[in-house]
Amino acid sequence: MVDVAAALEAGGLTNPNVREYVEYWAGITGASRVEVVGAADDARLIAEALEAGELDPAGEGLYYSRSYSKDTARSEERTIVATNRESDKGVYNNWRPAAEMKPLLVERMTGASEGKTMYVVPYLMSPLGAPLEKYAAGIELTDSRTVVLHMIRMARVGAKFINELAEPDHFVRAVHVTGDLENLGQGTDDDQRYFVTVADERTILHFGSSYGGNALLGKIAHGLRQSAYDGWASGEFLSEQFMLIGITDKQTGKRYHICGGFPSASGKTNLAMMLPPDALCERYQVDFYGDDIAWLWVGDDGKLYGMNPEFGVFGVAKDTNEVTNPTALASVAPGTGSIFTNIAYNTDTHEVWWEGRTPAPPADVTGWVDWKGTPIAERDEAEKDAPWAHPNSRFTTTLANVPNVAEDFEDPKGVPIDGIIFGGRTRDREPLIRAINDLAEGVYDGLTLGAEATAAADGKEGVLRYDPMSMRPFMSYGEGDYAAHWLKILGQVKDQPIFAHVNWFQRSQEDGHFLWPGYRENLRPLLWLMALKNGEVEGVQTPSGIIPKESELNLDGLEIPQADLDKVLSIDLPRWREEMGHREKHLKGFEGLPEEIWEAHKRVAKAFDES
Ligand code: GDP
Ligand code: PGA
Ligand code: MN
Ligand code: MN
């Protein structure tokens, strides 16, 4: 048995409530050593990981990691929210009784860290001093050094975040055990993995993965699932899979903040890192606050505030290049300490590559290995056309490395929210942007977000499905209660943000090309939205919201075929009428959906009937 008390003392973790927790799990997992880590240990841990072959060098201060080939994305099927109340069961949260799941996890984890170090990672999902700080503290126990290195980039990590808690026992207990990855039956009927959030006990138990979304417990399990539950249970806040940006009009001096949800791998990080299009650079500036999670609450002044609980970016590599996202490339430049996962790697030159980094892969394949480690030169016939990088390959870097990070990104008071947008990959029907002024209709719009599934989750790329507010994989309680909580929080806000639904992914029915050029050009519809909120433009009222007149959209310097522009600025009435029937069925699945949401649905349906 390891001497936990000595390890905590050596690591400066003095909060008296920690010891029992760590001793309990060290006993179960059978870890051989216990070590408290903080951000100050990064250089040493990097050196150890390089030495152990867990990381490879990828240029000055850059690192390359590879996860097991069947462990490359979040698993939605194996993710469970367990509580002690059956009334927490929803359509998407895979609810199970806490009493059933905890013993199962104990069984899986028993002896599973034998011979390994159990790292004790004290973290805070919030800037210090934020109004919601009391929901932000946690301790992740993990048997993976690579997970620790990612946590140090993605969260504020150090003993002080736990030692100085106002309520010393109020921290999330998050246990991660990797397991024997080659023998877990991933994706089969005999799948051994379990990713469980015991939400009403603020305990997270994840077994059977070392991939980011399953293993960085501060980020998704705590930062989204647990905190969504905490926000609802306390009645104090919302926790959403939202990006958060500031837009400054340098000509008028006006500044806006927009947050919004898009399913994983649907454009949040790119939007948050967006440089304005060349023609608009002089007048506008976009500031990065967050790219994946926002916590929202009502301030004392009655405004809605938002903040990013994270400390870093875990971004999709695919298609990131000088044209689509120069900001992202700069944030992973030499010297940034960034870690790449599951991209292609050159074992001689230590260069990295992913699909879309350059139009074609390196012509000379000498030294290049794909994301599985297979030399490109030795790939067999079946592998020849497979991508070099995994479609869900990622880069991990800290917010401070992002060139357009807002000056006040660590300011605990958060930023006032002017707009809330929803969007996803939708190949038809959804126009470029449609604005919604009514609160219930805005919440209704979020609840009926429909989009194509992506490679960020195991299994079902391309399938069209509903993904309420982009929270489908992170829902921790019933959807009816979730809708009511939204109405309650937003109902307290004096200066209501405007809602909008956006779509950068409409495609040509003939050849499949994207009708809207996307990326930096996405600033244009957002500027229109703020102009609409200010009463500077009026748009065209449609049954599902207000869409821009072409003349109202700033198109300076944009080259786009007229037919494509016409299409993204129109409402496809027959497709929408069909959609209304699907929505009705979708919403009927939600128990206890507030009457206001049904009324919103009926108003929109009636408007389509009459149009
Ligand atoms: P996130 O997972 O929601 O943060 O999405 P990302 O911003 O990482 O983008 C996911 C994928 O979508 C990447 O491959 C991007 O290159 C691509 N993407 C992002 N924004 C756009 C856009 O406006 N248009 C198109 N066509 N692709 C985009
Ligand atoms: P993403 O973040 O939304 O940027 O893909 C990671 C995730 O949600 O798994
Ligand atoms: Mn996400
Ligand atoms: Mn992202």
Side-chain angles (χ1 to χ4, degrees), residues 243-260 262 266-291 313 315-316 318-331 356-359 402-406 418-419 421 423 425 430-435 498 500-508 513-534 536-537 539 547-569:
M243 62 89 217
L244 173 56
I245 56 176
I247 299 176
T248 304
D249 179 340
K250 291 184 264 184
Q251 198 166 302
T252 62
K254 283 191 181 144
R255 184 167 172 83
Y256 308 102
H257 299 99
I258 298 179
C259 63
F262 305 62
S266 303
K268 293 181 301 297
T269 301
N270 277 273
L271 194 65
M273 289 188 175
M274 169 173 66
L275 274 181
D278 285 337
L280 305 188
C281 260
E282 209 168 300
R283 176 158 177 192
Y284 298 101
Q285 177 182 318
V286 178
D287 290 324
F288 182 112
Y289 284 96
D291 74 319
V313 178
V316 174
K318 187 169 190 283
D319 288 333
T320 303
N321 58 53
E322 280 84 0
V323 177
T324 57
N325 196 340
T327 317
L329 289 184
S331 72
R357 173 69 189 84
T358 49
V402 178
N404 73 323
V405 74
D418 300 285
I421 63 179
R425 289 176 179 266
E430 281 294 359
L432 179 62
I433 185 165
R434 47 186 181 82
I498 190 166
H501 200 105
V502 300
N503 184 19
W504 324 138
F505 298 96
Q506 200 173 159
R507 288 176 185 259
S508 150
H513 79 268
F514 288 113
L515 297 178
W516 175 253
Y519 298 102
R520 301 166 68 172
E521 311 302 340
N522 297 336
L523 179 61
R524 301 174 191 272
L526 300 184
L527 292 174
W528 172 84
L529 183 67
M530 292 298 103
L532 183 73
K533 185 169 187 257
N534 291 341
E536 295 152 18
V537 296
I547 60 175
K549 293 179 189 160
E550 185 182 325
S551 60
E552 293 171 348
L553 212 51
N554 184 336
L555 297 174
D556 292 352
L558 178 69
E559 280 174 40
I560 177 172
Q562 188 64 41
D564 291 1
L565 186 60
D566 290 346
K567 182 83 185 155
V568 300
L569 295 181

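Scope of the values below: all heavy atoms of this structure, side chains included, with no hydrogens, waters or symmetry mates. Quick caveat: nothing in here was measured; it's all calculated off a predicted structure.
Shown here is Lys533, whose NZ atom has more than 12 heavy atoms of other residues, nucleotides or ligands within 6.0 Å.
Judged by distance alone, the side chain of Asn321 and the main-chain N or O of Gly356 form a donor-acceptor pair under 3.5 Å. With hydrogens and angles disregarded, a donor-acceptor distance shorter than 3.5 Å links the side chain of Lys268 to the backbone of Phe262.
Once rounded to the nearest 0.5 Å, the distance linking OH of Tyr284 with OG1 of Thr252 reads 7.5 Å.
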Query - Pair Ile421-Ile258, side chain to side chain contact (heavy atoms under 4.5 Å, CB included): steps then yes or no - result: CA-CA 7 Å; Ile421 63 179; Ile258 298 179; 4.1 Å; yes

Requested in this report: Show your reasoning for whether side chain to side chain contact (heavy atoms under 4.5 Å, CB included) applies to Phe288 and Val313.
Outcome: CA-CA 11 Å; Phe288 182 112; Val313 178; 3.7 Å; yes

Requested in this report: Determine, stepwise, if the pair Val502 / Asn522 fulfils side chain to side chain contact (heavy atoms under 4.5 Å, CB included).
Outcome: CA-CA 9 Å; Val502 300; Asn522 297 336; over 6 Å; no

Query raised in the report: Passes salt bridge (Lys or Arg N to Asp or Glu O under 4.0 Å), Arg255 versus Asp418? Steps please.
Result: CA-CA 9 Å; Arg255 184 167 172 83; Asp418 300 285; over 6 Å; no

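The minimum heavy-atom distance between His501 and Gly423, with the atom names listed, is NE2-CA, 4.1 Å.
Leu329 places a side-chain heavy atom less than 4.5 Å from the side chain of Arg357. At least one side-chain heavy atom of Trp504 sits less than 4.5 Å from a side-chain heavy atom of Leu271.
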Return all side-chain donor-acceptor pairs below 3.5 angstrom for residues 553-563, not counting sequence neighbours, or 'none' if the list is empty.
unit_1, atom_1, unit_2, atom_2, d
Asn554, OD1, Asp556, N, 3.0
Gln562, NE2, Glu550, OE1, 2.9
Gln562, NE2, Asp566, OD1, 2.9

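A side chain to side chain contact (heavy atoms under 4.5 Å, CB included) with Asn270 holds for exactly one of Asn325, Asp319, Val316; it is Asn325.
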